[in-house]
Structure formats: C-alpha cells, structure tokens
There are 2 protein chains.
Amino acid sequence: MTELEKGPQGRRRGRGARERILTASQKLFRDQGINGTGMDQLCAAAEVSKRTLYQHFAGKDDLITEHLHRFDPDILPEVFDRTDLTPRERLLAVFDVHAPLCPFIQAAVEISDPSHPARTYARDYKKAFATRLADAAREAGADNPDRLGEQLALLLDGAAARTRVLGTDAFATAAEIATALIDAAIPATVRD
Amino acid sequence: MTELEKGPQGRRRGRGARERILTASQKLFRDQGINGTGMDQLCAAAEVSKRTLYQHFAGKDDLITEHLHRFDPDILPEVFDRTDLTPRERLLAVFDVHAPLCPFIQAAVEISDPSHPARTYARDYKKAFATRLADAAREAGADNPDRLGEQLALLLDGAAARTRVLGTDAFATAAEIATALIDAAIPATVRD
DNA sequence: GCGTAAGCACACTGAGCGGTGTACGTAGCA
DNA sequence: TGCTACGTACACCGCTCAGTGTGCTTACGC
C-alpha cells in the first residue's frame with residue numbers, strides 16, 4: 001500500500017505536516033476559538049498524527065504563537081505595497097481586507113496571561129500595524145499622520161469586535177468614518 | 001460556634017451568596033477570562049460552597065448569562081439619564097464610563113457557539129446600546145442620528161478591544177473621533 | 001539499495017473541568 | 001421551641017484536555 005495523499009477521510013497524508021497544522025489551526029481557532037479547539041480535533045482536521053504535531057510545536061502555546069505569526073505576511077503587505085493605488089486609496093483599502101474576527105484581538109481576549117508570548121506578539125503587531133498606517137498617512141500628506149494612523153487602527157479593531165458581537169459586518173461603517181477622518185486630515189491642496 | 005461573617009480566610013460567610021457569586025464572577029471573568037475561571041476557584045473567591053452556587057445557578061452557562069445581565073443597570077442608564085448634561089455632552093460622557101474589557105465583547109469571543117444565550121444577550125445589548133446612542137443623538141439635533149449612534153458604538157467597541165490588546169487606554173482616541181463626528185453631525189444652529 | 005528522517009497509530013497519564021450526592025449546621029420566623 | 005430555608009463541607013463522578021511513550025511505516029537522498 002504505497003498510496004499517499006489519500007484525501008480527506010483516509011489517514012496518512014505524508015509530508016508537509018507543519019503547513020497542514022497551521023492551515024487547520026487558522027480555520028479552527030477562528031471558528032471555535034483557541035481554547036475551544038482541542039489538540040486531538042486539530043490533528044484530525046490537519047490529518048496529522050498527534051506525535052507529529054508535538055515534533056513540530058513544543059506545545060499548544062507555541063502553536064498559538066506560530067499561528068499568529070502566520071498572519072504577518074498575509075495582512076501587512078497586501079495593501080500597503082499596492083502601487084496601483086494613491087496613498088489615500090491605500091488607507092481606505094485596508095477596510096476591505098479584513099478578517100471576520102481579528103486573530104490578534106481573539107488571542108488577547110482568550111489568553112488571560114498578559115505576558116504570554118502570543119499576547120506580546122499581538123501587541124507588537126497592532127503597534128506595527130498602526131505605524132504602517134501612520135506611514136501611509138504621512139505619504140498621503142496628512143497633518144498629524146501618527147494620530148490618523150492610531151485612529152484608523154481603532155476603527156479597524158472596532159469593526160472587527162462589533163462584527164463578532166453582532167454577527168453582521170461593521171466594516172462599512174468603519175470605512176465611512178475613516179473617509180471622513182482622512183479627508184479632514186489631508187489638506188485639499190495635497191489631495192490626489 | 002455561632003460566629004458568622006468570619007472574613008476573608010475563614011469559611012462560613014452566610015446569607016447573600018448569590019450576590020457574592022456575581023461580584024466574584026465580575027472580577028474573575030474579567031481578569032482570567034470566562035473559560036479560564038473554574039467553578040471551584042469562583043466558589044473560593046465568593047466564599048460560597050459549590051452546592052450553594054448550583055442552587056442559585058443552573059450551571060456555568062446560566063451564570064455567564066446572569067453575569068452579563070448584571071452590567072445592564074450599571075452601564076446603560078448611568079450616563080443617559082443624567083439631566084445635568086446637554087445632549088451633546090451626554091454623547092461624549094459615554095466615553096468616560098468604560099470597562100477595561102467590555103464583558104459583551106469578551107463573551108462573544110470566548111463563547112464560540114453563536115446561539116448560546118450569552119451571545120444572544122450580548123448582541124441584543126449592543127443593539128440596544130446603539131439605539132440609546134441614536135436616541136441621544138436625535139435629542140442633540142443630529143441629522144441621521146441612527147448613523148451617528150452606530151458610529152459611536154463602533155468607536156466604543158474599538159476602544160475596548162484596542163485597550164485589551166495594547167494594554168493602554170484607547171478611549172481618549174475614541175472620544176477624539178467622537179467629538180469630530182458629533183460636531184459634524186449637529187448643525188451649528190442647533191448646538192447648545 | 002540502504003540509511004535516515006519524517007510521519008503514523010494508538011494506548012496511556014495526570015490534571016482539571018463542570019456538576020452531583022449526602023449529611024450536617026445555622027439563622028430567622030412563627 | 002421547633003420548622004424551614006439557606007448555606008456548608010467534602011467526597012465523588014465522568015469527561016475532556018494537553019501531552020507522552022512505544023513501536024511501526026513510509027518517502028527521499030546518497
């Protein structure tokens with residue numbers, strides 16, 4: 001029986017376990033929560049044996065942290081590196097690229113220990129994101145770009161939290177406010 | 001041994017168990033999370049026997065829901081019923097009365113099942129709160145008060161979420177944006 | 001072709017969880 | 001004084017969880 005890659009129901013999926021684990025954790029952590037997802041269930045979803053999982057990750061805490069690191073390349077550059085948009089459009093485009101529940105907020109709420117590596121990383125990421133927004137705001141010619149960056153970051157977090165609680169998308173409202181703030185912060189003479 | 005009310009370390013605190021349980025749950029759920037707080041620990045903190053707890057609450061789910069209900073009288077009227085403030089001031093005063101981590105957002109994140117009573121209640125509460133804000137906005141003479149209410153609600157949720165993640169208060173930033181939105185929505189002629 | 005590294009299967013442990021059963025103590029009211 | 005409602009003490013159950021031990025199988029590089 002040499003057949004590998006048996007597909008969904010048959011076990012024995014073979015190499016690339018780490019990737020499958022992180023992919024599965026993205027879905028499960030989002031849908032069921034971090035604490036609500038057991039390692040057994042995660043192994044089943046990733047079609048990976050438990051032993052393999054613990055050879056790739058020191059423990060669940062480690063997995064959570066790596067899980068968060070994963071959003072790094074996904075979210076940050078996707079918008080900010082787009083050269084086909086004007087700086088102002090770039091600031092607004094961020095509101096279209098959103099996760100239904102921001103994984104960093106989720107981690108911050110689900111993990112009570114503030115010194116947990118995942119909490120630390122979430123904090124650093126959020127700061128870095130606000131800085132990126134501020135850079136884009138500066139590029140767009142906003143006066144007080146740091147303030148605008150912080151404001152837009154708050155709007156994004158608000159939309160994520162509110163979407164979670166209400167069950168309906170709140171990013172449109174956030175984008176509306178963002179537009180008003182951006183237009184107020186960018187002098188008409190600089191606007192492109 | 002007739003001594004009741006022995007104090008912190010001695011057991012046997014006597015009547016008023018329900019109240020003590022809910023008070024303890026407010027602190028523990030906030031500090032350690034809902035899932036991170038065990039019933040045994042909660043009983044110890046409330047100085048209540050486990051048996052008593054389960055005579056007051058059908059189970060942890062019930063306790064969580066009652067825990068949320070508790071914020072009803074605390075948060076909702078405190079600001080909206082103040083007659084010493086102008087309608088505009090009332091809208092802004094909401095940003096001063098904030099919990100470090102909004103318990104409704106916390107419940108929505110920690111409980112994955114969207115049909116859980118606590119989730120339902122959290123959703124209803126958030127809607128009611130936005131409606132209250134809209135009413136106040138209407139009273140203040142805002143055009144499109146429903147929109148302003150929703151916007152302010154989003155700002156509050158954003159500040160709560162961001163405060164949790166960053167560990168530093170974000171309500172000042174939210175209030176700043178709120179001021180701008182309010183002043184833009186209320187015609188100068190109506191302003192008091 | 002063979003060694004090695006990666007992965008698999010599965011049983012298992014110890015701890016903590018939510019929740020219960022039982023018997024006892026005590027305060028307040030009639 | 002004696003009944004009743006509220007609270008206590010503590011052992012206990014079944015379950016789930018994170019994590020481990022052991023032995024086997026498979027794919028890939030030399």
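The chains referred to below are lettered A, B, ... by the order of the sequence lines, with proteins before strands, and numbering in each begins at 1. All values reported here derive from a predicted model rather than from experimental measurement.
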Has [X] got a side-chain N or O lying under 4.0 Å from the OP1 or OP2 atom of [N]?
X: A:His56; N: C:dA6; result: no
X: B:Thr52; N: D:dT8; result: yes
X: A:Arg20; N: C:dC8; result: yes

Can you tell which of A:Leu156, A:Thr131, A:Asp157 makes a side chain to side chain contact (heavy atoms under 4.5 Å, CB included) with A:Lys126? A:Asp157
Distance, rounded to the nearest Å, where [X] contributes [atom1] and [N] contributes [atom2]:
X: A:Arg51; N: D:dG21; atom1: CZ; atom2: C1'; answer: 7 Å
X: A:Gln32; N: D:dC17; atom1: CD; atom2: P; answer: 10 Å
X: A:Leu42; N: D:dC17; atom1: CG; atom2: P; answer: 12 Å
X: B:Gln55; N: D:dA9; atom1: CD; atom2: P; answer: 14 Å

Run the salt-bridge test on [X] and [Y] with the 4.0 Å N-O cut-off and return the result as yes or no.
X: B:Arg138; Y: B:Asp135; answer: yes
X: A:Arg82; Y: A:Glu89; answer: no
X: B:Arg119; Y: B:Asp113; answer: no

Hey, would you say the B:Tyr125 and B:Phe104 ring centroids sit under 6.0 Å apart? yes
Between B:Phe71 and B:Phe129, ring centroids under 6.0 Å: no
Polar atom pairs between nucleotides 14-19 of chain C and protein, under 3.5 Å, N or O only, would you list them?
{"from": "C:dG18", "atom 1": "OP1", "to": "B:Lys60", "atom 2": "NZ", "distance (Å)": "2.6"}
{"from": "C:dG18", "atom 1": "OP2", "to": "B:Met39", "atom 2": "N", "distance (Å)": "2.7"}
{"from": "C:dG19", "atom 1": "OP2", "to": "B:Tyr54", "atom 2": "OH", "distance (Å)": "3.1"}
{"from": "C:dG19", "atom 1": "OP2", "to": "B:Lys60", "atom 2": "N", "distance (Å)": "2.7"}
{"from": "C:dG19", "atom 1": "N7", "to": "B:Lys50", "atom 2": "NZ", "distance (Å)": "2.8"}
{"from": "C:dG19", "atom 1": "O6", "to": "B:Lys50", "atom 2": "NZ", "distance (Å)": "2.6"}

Mind listing the closest non-hydrogen atom pair of B:Val48 and B:Arg20 along with its distance? CG2-NH2, 3.3 Å
Treating B:Arg90 as the side-chain partner and B:Leu85 as the backbone partner, does any N or O pair qualify as donor plus acceptor under 3.5 Å? yes
Kindly calculate the angle separating the two end axes of the helix from C:dG1-D:dC30 to C:dA30-D:dT1, each obtained from five base pairs, and round it to 10 degrees. 10°
